[in-house]
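Single-structure report; data block below.
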Amino acid sequence: MDYLDSLNDRQLEAVRTTEGPVRVLAGAGTGKTRALTARYCYLTDLLGIDPAAILCVTFTNKAAAEMKQRIRSLLGDVDTAYICTFHSFCVRLLKEDIHVLNYPANFVVADEDDRVELLLKVYDDMHLTLKDLPVKRAVEYIAMRKSGSDDYLRHIEHLRNTELLEAAVRDADRMDEIFLRYLYEQKKNYAVDFDDIIIFTHYILNRYPAILTKWQERMEYVMVDEFQDVSPRQYAISRMLAGAHRNLFIVGDPDQTIYSWRGADVGLFLNFDREYPGAATVVLDANYRSTPEIIEASNALIAHNTSRYPKALHAVADSGMRPVFYHARSEKDEARWIAAKVAALLKAGWKAGDIALLYRAHHLSRPIEDALLKKSIPYKIYSGTAFYARREVKDVVAYLRMLTVADDLAFRRTINTPSRKIGKKKMALLRADADSHADTLLDALRRLATDPAFARTGAAEYLATIDTARGLVGTRPLGDIMQAVLDSSGYEEMLRSLGEWERLDNLAELKRAIEEAGRDDDASLDDFLARVALISNLDTEKGQPDEALRMMTVHTAKGMEFPAVFVCGLCEGSLPSRRSANPDDIEEERRLAYVAVTRARTALFMSDSDGFGHDNTAKATSRFVYEMGLHRLDFERPVAPQKAVPAMAQNPGAPRFASGDLVRHPVFGRGMIMEADAARQTYTVQFDTLPTPRSMRFGAPLDPEKV
């Protein structure tokens with residue numbers, strides 16, 4: 001029973017309350033995993049419950065593996081098969097019972113690439129192109145249809161494959177036809193995608209009483225870790241499994257609900273006692289992770305949320321330094337400050353692996369990566385790719401290389417990006433011609449562009465893109481040259497048609513980088529490309545984990561902790577996101593900021609910068625900084641007095657403009673609304689001064705244009 005000795009009174013209460021529904025609200029750093037592990041050991045070791053009768057679900061394979069390892073270190077070799085993720089448990093259930101849906105036990109779990117491949121087959125059968133409908137939108141539509149209702153399973157359950165296809169062909173609505181044809185391809189391949197795993201399980205338990213009874217009798221205790229992240233269907237599965245014995249134990253922190261876009265609902269946690277009147281509630285509020293100064297700031301921040309269970313953490317650790325904030329003059333200044341602070345910590349004896357840099361979105365990493373590299377500080381990107389190694393960045397850099405050295409590697413990367421119908425056979429013709437003349441593939445294309453073999457390709461357009469942009473080199477700013485390539489090549493339009501908004505943000509950041517290079521150093525395009533090549537070849541991930549600073553999004557950092565944490569980009573429009581359209585969105589963004597600051601044990605550094613964002617609106621320090629209480633922070637450069645909440649973070653409501661309306665922007669001038677997307681809360685606007693359309697949020701500074 002050594003596993004009970006280190007627990008405090010409230011943790012012991014959570015462990016020993018074994019019968020009936022139990023809700024444990026475990027604040028950040030309050031020893032949730034220790035209590036959950038001890039409860040499992042208490043049930044199996046002291047009470048003698050068969051481990052095969054205990055289901056303990058969590059949200060990541062890593063968390064499940066760590067819990068299994070802890071339990072085995074305490075109890076020896078015990079059966080921990082039912083310590084697993086929701087999806088792993090559901091796959092196990094489906095292996096036994098998916099036959100009721102006319103699927104075999106050896107069904108295929110389809111990953112994202114498989115799902116896209118199935119959709120492309122549907123597109124081919126329907127004679128659709130990516131211009132007709134981006135694949136990403138089709139994927140989103142299918143996910144929406146499945147998440148909205150499990151009625152689609154009647155098609156899979158009761159219709160044979162041929163009937164599914166006939167139903168698709170009969171249907172007049174294009175989106176319904178895509179959906180039904182996708183189901184047909186799934187069933188034909190016995191494929192179950194990630195969404196289906198949960199939906200199939202819920203459907204089977206809900207519709208087949210004998211199967212439900214079997215699993216209810218098997219699972220005498222159901223424990224759900226990270227309950228704040230569960231979806232309504234996952235909650236329903238948990239309730240059904242615990243229906244016979246009523247031993248449902250949930251643990252988590254509603255203040256860390258940051259996955260509503262995956263279906264998480266903070267109300268499920270908050271209303272648990274309504275579903276189970278008389279349920280025991282235990283609050284873990286002793287924080288063992290952070291200093292009192294960090295906890296006080298985080299408590300003040302999260303107290304501004306209204307949808308929460310009121311609690312305030314108290315720190316067990318000794319007092320330390322207050323959180324530090326720096327209001328930079330520019331993004332470059334912010335990056336320099338972060339790199340200097342990290343260098344000072346390393347000089348003082350900290351390990352690089354003790355330090356984490358957190359941000360809202362990956363595109364914010366670019367200037368900081370540059371600053372770290374200049375100081376030779378090793379870093380590692382977690383759950384993301386270093387900026388200059390991202391696909392879209394490498395694609396555009398390859399296009400820019402075609403304006404200078406025009407090497408064959410860059411040619412091969414760009415010639416069919418976007419597609420120009422130059423496949424393997426035509427590439428073989430180009431290689432043979434280039435080899436015979438001892439020159440480049442670009443030279444070969446110039447010779448063969450008028451050959452009948454290239455008549456129906458985009459060869460001429462590609463050459464025009466390269467030659468036109470080459471004519472700008474040395475006469476126009478580097479940013480203009482890059483934009484000309486994006487426009488004439490069709491690359492930017494390709495990403496827009498695919499709905500790849502994050503990749504478009506990365507291109508906007510690349511444009512900033514190339515503009516800065518030209519402005520600060522009066523650099524040529526060759527100079528910029530040489531610098532990018534050196535950065536790309538630096539092995540920033542080399543060595544042991546403790547030798548590299550860790551960079552990641554706040555979402556990735558959830559569940560982790562670090563001695564020192566930097567949180568950058570604390571601006572309105574970044575955190576909170578510019579896509580935060582209503583009070584519920586703002587509350588989730590505040591929870592995200594709370595997760596960020598509570599990752600820090602000893603030292604917390606935060607920063608933002610003056611200037612303009614990607615949408616050319618002036619930046620303002622995040623409201624979350626003010627909500628922590630300025631008196632609780634040390635400022636190396638003070639923030640301005642808090643302004644009114646910017647329009648971007650208020651609820652924009654219904655669109656003010658419709659397709660075809662003329663508008664005026666204070667920077668871009670006159671434009672026309674091409675599309676108003678209510679789901680994304682954005683307009684697509686074609687401005688007279690710009691060669692390509694721009695995506696503008698509903699709250700953007702647009703006024704009606706006087707005719």
Side-chain angles (χ1 to χ4, degrees), residues 55 57-61 64 84-123 125 135-165 167-168 171 175-208 211-212 215 224 229-241 259-265:
L55 173 62
V57 290
T58 188
F59 273 78
T60 66
N61 289 308
C84 54
T85 65
F86 256 111
H87 284 83
S88 294
F89 169 76
C90 290
V91 167
R92 185 165 181 161
L93 182 149
L94 292 175
K95 292 286 185 184
E96 287 190 29
D97 296 309
I98 199 172
H99 61 86
V100 297
L101 300 182
N102 297 310
Y103 265 76
N106 62 340
F107 60 88
V108 175
V109 177
D111 62 18
E112 289 300 309
D113 289 341
D114 295 329
R115 182 153 63 171
V116 170
E117 187 174 340
L118 291 176
L119 265 173
L120 291 176
K121 173 65 167 59
V122 170
Y123 275 39
D125 291 342
V135 168
K136 192 169 185 177
R137 289 193 183 178
V139 169
E140 290 169 352
Y141 175 79
I142 290 168
M144 179 269 295
R145 282 284 297 267
K146 289 184 175 183
S147 64
S149 170
D150 59 14
D151 285 348
Y152 76 93
L153 286 176
R154 62 186 172 83
H155 293 294
I156 287 179
E157 183 179 13
H158 299 300
L159 295 181
R160 295 190 301 272
N161 280 1
T162 54
E163 292 171 333
L164 259 175
L165 184 58
D171 203 303
M175 298 307 292
D176 278 347
E177 183 177 351
I178 289 172
F179 182 62
L180 290 172
R181 282 181 177 273
Y182 177 78
L183 296 185
Y184 164 73
E185 293 295 335
Q186 269 195 275
K187 187 70 176 291
K188 186 175 70 172
N189 292 280
Y190 295 126
V192 175
D193 66 30
F194 203 65
D195 296 329
D196 294 325
I197 291 171
I198 300 297
I199 298 170
F200 280 26
T201 302
H202 177 265
Y203 183 87
I204 290 171
L205 292 176
N206 205 32
R207 301 292 180 96
Y208 294 89
I211 294 175
L212 174 60
W215 286 97
V224 183
D229 295 332
V230 303
S231 69
R233 274 201 182 93
Q234 290 167 333
Y235 181 32
I237 291 170
S238 305
R239 293 189 65 196
M240 286 190 282
L241 292 172
Y259 290 111
S260 66
W261 45 278
R262 288 184 184 171
D265 181 355

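No donor-acceptor distance shorter than 3.5 angstrom exists from the side chain of Asp125 to the backbone of Val122, with no hydrogens or angles considered. In this structure, the side chain of Tyr103 does not engage the main chain of Asp97 through any donor-acceptor pair within 3.5 Å.
Taking 4.5 Å as the limit, some side-chain heavy atom of Tyr182 sits within range of a side-chain heavy atom of Leu118. Side-chain contact between Thr85 and Val57: absent, with no pair of heavy atoms (C-beta onward) separated by less than 4.5 Å. Side-chain contact between Asp195 and Ile142 is absent, with no heavy-atom pair separated by less than 4.5 Å. Between Ile204 and Leu94 the shortest side-chain heavy-atom distance falls below 4.5 Å. Using a 4.5 Å cut-off on side-chain heavy atoms (C-beta onward), Lys187 and Asn102 make contact. Phe86 places none of its side-chain heavy atoms less than 4.5 Å from the side chain of Ser231. Using a 4.5 Å heavy-atom threshold, the side chains of Thr201 and His87 count as separate. Leu55 has its side chain within reach of Cys84: a pair of non-hydrogen atoms, C-beta onward, lies under 4.5 Å apart.
In this view, Thr58 and Asp225 satisfy the side-chain hydrogen bond (donor to acceptor under 3.5 Å, both in side chains) rule, not counting sequence neighbours. Listed by chain and residue number, nothing satisfies the salt bridge (charged side-chain N to carboxylate O under 4.0 Å, His left out) test with Glu140 (two or more places apart in sequence, or in another chain). Considering only residues two or more places apart in sequence or on other chains, Arg239 meets the side-chain contact (heavy atoms from CB on, under 4.5 Å) condition with Tyr235, Leu248, Glu275, Tyr276. Take Met175 and apply the side-chain contact (heavy atoms from CB on, under 4.5 Å) test, not counting sequence neighbours, and it matches Leu133, Tyr141, Asp173, Ile178. Partners of Leu212 by side-chain contact (heavy atoms from CB on, under 4.5 Å), not counting sequence neighbours, listed by chain and number: Leu205, Gln216, Met240. Every residue two or more places apart in sequence or in another chain that forms a side-chain contact (heavy atoms from CB on, under 4.5 Å) with Leu120 is listed here: Val116, Val135.
In this structure, NZ on Lys146 lies 6.5 Å from CD1 on Ile199, to the nearest 0.5 angstrom. Residue Leu119 holds its CG atom at 6.0 Å from OH of Tyr123, rounded to the nearest 0.5 Å. Distance SG/Cys90 to CD1/Ile198: 4.0 Å, rounded to 0.5 Å. A distance of 6.5 Å separates NE2 in His202 from CZ in Arg233, rounded to the nearest 0.5 Å.
The distance between the ring centers of Trp215 and Phe89 falls below 6.0 angstrom.
Looking at every heavy atom in both residues, Pro104 comes nearest to Ile98 through O-CG2, 3.5 Å.
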Check step by step if side-chain hydrogen bond (donor to acceptor under 3.5 Å, both in side chains) holds for Asp196 and Gln186.
-> CA-CA 11 Å; Asp196 294 325; Gln186 269 195 275; 2.6 Å; yes
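Arg181 has a carboxylate O that lies under 4.0 Å from a charged side-chain N of Glu177, or vice versa, which qualifies the two as a salt bridge.
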